[in-house]
Peer 1: 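Here you go, one structure.
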Amino acid sequence: MNRLYYLFDPLCGWCYGAGPVLALLSQRGGDQPQLLPSGLFAGEGARPMDDAFAAYAWSNDQRIERLTGQPFSALYRSQVLDNHERMFDSGPATVALTAVALTAPQREAEALKAIQHARYVDGLDNTAIPVLLALLRGLGLEEAAARLAAPDVALMEAYSARTAQAQQLMRALGAQGVPSFVLEHDGQRQLLNASTAFSNPEAFADQWLAA
């Protein structure tokens, strides 16, 4: 039996760049990847947004756009990167996705795509809970929105468990960052070469579906 784990962070530009691979896997059917947020930019990984980091992020984003075709808009640059009032913190978006995983797990990839699109295309700051609530409600994920609006112990325990599992997989397999793809076959796990996911999503999807 095969299983594909997708390790990511909702504020990771390269993870947004890998979006076409997730879409292809969804279009082609078969077993869908299990999404595991790594918490890379949450908690101790969160940081202030300042001029230096914004310039670094924009430069990196342009590389991602050239390689993958995923757009990073002028609105994103002016309204998100140039807004230094909020932290660069993926914790709220990761909790939102965990709420979706608990209430409508088959729609988590859809919710991730919407959260990424809101930031990188619509220029909305998806570190803000009101933005995330509006996104979930716009998708009809009312139960997930209710969980995010009033996080309970079960939600936060699930958040901790998912990020811990992702980090354990990264340590065990020597993953250097996200996105990372881990293939499990008959109990054996291997780290897949993620570069193909950016340069040739079709080939990467074919590789997984044929495994």
Side-chain angles (χ1 to χ4, degrees), residues 1-42 68 70-71 76 89-166 169 178-184 194 197 201-202 204-205 208-209:
M1 178 180 178
N2 291 334
R3 174 173 292 176
L4 183 65
Y5 297 94
Y6 175 53
L7 281 54
F8 71 99
D9 186 285
L11 294 194
C12 159
W14 285 104
C15 300
Y16 170 60
V21 167
L22 293 184
L24 277 173
L25 291 172
S26 177
Q27 291 167 9
R28 295 185 181 184
D31 295 330
Q32 297 303 301
Q34 180 175 338
L35 273 60
L36 287 178
S38 67
L40 179 65
F41 298 124
T68 69
Q70 290 280 78
Y76 157 66
D89 181 1
S90 64
T94 304
V95 174
L97 289 168
T98 300
V100 176
L102 292 178
T103 57
Q106 73 282 4
R107 298 189 65 188
E108 187 177 3
E110 177 188 357
L112 172 61
K113 181 179 180 180
I115 287 171
Q116 292 170 323
H117 189 277
R119 183 178 185 87
Y120 297 119
V121 178
D122 297 335
L124 300 176
D125 191 340
N126 59 11
T127 68
I129 293 294
V131 170
L132 293 165
L133 289 173
L135 287 170
L136 294 181
R137 288 167 179 152
L139 293 172
L141 294 166
E142 296 290 346
E143 190 176 356
R147 297 289 294 267
L148 176 63
D152 55 21
V153 172
L155 175 61
M156 298 314 295
E157 286 182 347
Y159 165 88
S160 297
R162 277 156 48 93
T163 55
Q165 185 181 0
L169 278 174
V178 292
S180 289
F181 297 86
V182 175
L183 176 62
E184 181 177 281
E202 295 270 355
F204 187 90
W208 156 242
L209 293 171

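In what follows, residues are counted from 1 in the order of the sequence shown. Basis for what follows: all heavy atoms, side chains included, without hydrogens, waters or symmetry-related copies.
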Peer 1: E202: what forms a salt bridge (charged side-chain N to carboxylate O under 4.0 Å, His left out) with it, not counting sequence neighbours?
Peer 2: R28
Peer 1: What side-chain donor-acceptor pairs closer than 3.5 Å can you find for residues 150-158, not counting sequence neighbours?
Peer 2:
{"residue": "D152", "atom": "OD1", "partner": "R147", "partner atom": "NH2", "Å": "3.4"}
{"residue": "D152", "atom": "OD1", "partner": "A154", "partner atom": "N", "Å": "3.4"}
{"residue": "D152", "atom": "OD1", "partner": "L155", "partner atom": "N", "Å": "2.8"}
{"residue": "D152", "atom": "OD2", "partner": "R147", "partner atom": "NE", "Å": "3.4"}

Peer 1: Find out whether L35 and L112 are in side-chain contact, i.e. whether some heavy atom of one side chain is under 4.5 Å from a heavy atom of the other.
Peer 2: yes
Peer 1: With distance as the sole test, does N126 use its side chain to make a donor-acceptor pair with the main-chain N or O of I115 at under 3.5 Å?
Peer 2: yes
Peer 1: Please enumerate all residues that pass side-chain contact (heavy atoms from CB on, under 4.5 Å) together with A114, with sequence neighbours excluded.
Peer 2: L139
Peer 1: Measure the spacing between CZ of R119 and CG of L135 and express it to the nearest 0.5 Å.
Peer 2: 12.0 Å
Peer 1: Mind checking the OG1-CD spacing from T103 to E108? Nearest 0.5 Å is all I need.
Peer 2: 9.5 Å
Peer 1: Check the pair L4, L25 against side-chain contact (heavy atoms from CB on, under 4.5 Å), reporting the backbone distance first and the verdict last.
Peer 2: CA-CA 11 Å; L4 183 65; L25 291 172; 4.0 Å; yes
Peer 1: Can you name the nearest heavy-atom pair linking P92 to I129, along with the distance?
Peer 2: CB-CD1, 3.8 Å
Peer 1: If you look at every heavy atom in F181 and A194, which pair is closest and at what distance?
Peer 2: CD1-CB, 4.1 Å
Peer 1: Say whether, by atom type as modelled, one donor and one acceptor occur between the side chain of T163 and the main chain of Y159 under 3.5 angstrom.
Peer 2: yes
Peer 1: Sequence neighbours excluded, which residues qualify as side chain to side chain donor-acceptor pair (under 3.5 Å) partners of R107?
Peer 2: E110
Peer 1: Considering only distance and modelled atom types, tabulate donor-acceptor pairs under 3.5 Å from the side chains of residues 5-19, sequence neighbours left out.
Peer 2:
{"residue": "Y5", "atom": "OH", "partner": "E184", "partner atom": "OE1", "Å": "3.4"}
{"residue": "Y6", "atom": "OH", "partner": "C15", "partner atom": "O", "Å": "3.3"}
{"residue": "D9", "atom": "OD1", "partner": "L11", "partner atom": "N", "Å": "2.8"}
{"residue": "D9", "atom": "OD1", "partner": "S90", "partner atom": "OG", "Å": "3.2"}
{"residue": "D9", "atom": "OD2", "partner": "L40", "partner atom": "N", "Å": "3.1"}
{"residue": "D9", "atom": "OD2", "partner": "F41", "partner atom": "N", "Å": "3.0"}
{"residue": "D9", "atom": "OD2", "partner": "S90", "partner atom": "OG", "Å": "2.8"}
{"residue": "Y16", "atom": "OH", "partner": "P71", "partner atom": "O", "Å": "2.7"}

Peer 1: Determine the minimum heavy-atom distance between D89 and A42, stating which atoms define it.
Peer 2: OD1-CA, 3.6 Å
Peer 1: Just to verify, what does T127 make a side chain to side chain donor-acceptor pair (under 3.5 Å) with, not counting sequence neighbours?
Peer 2: R86, D125
Peer 1: Do you know which two heavy atoms are closest between L133 and A145, and how far apart they sit?
Peer 2: CD2-O, 3.3 Å
Peer 1: Give the minimum heavy-atom separation between V178 and S38, together with the two atoms involved.
Peer 2: CG1-OG, 3.8 Å
Peer 1: Roughly how far, to the nearest 0.5 Å, is the CG atom of L36 from the OG1 atom of T98?
Peer 2: 10.0 Å
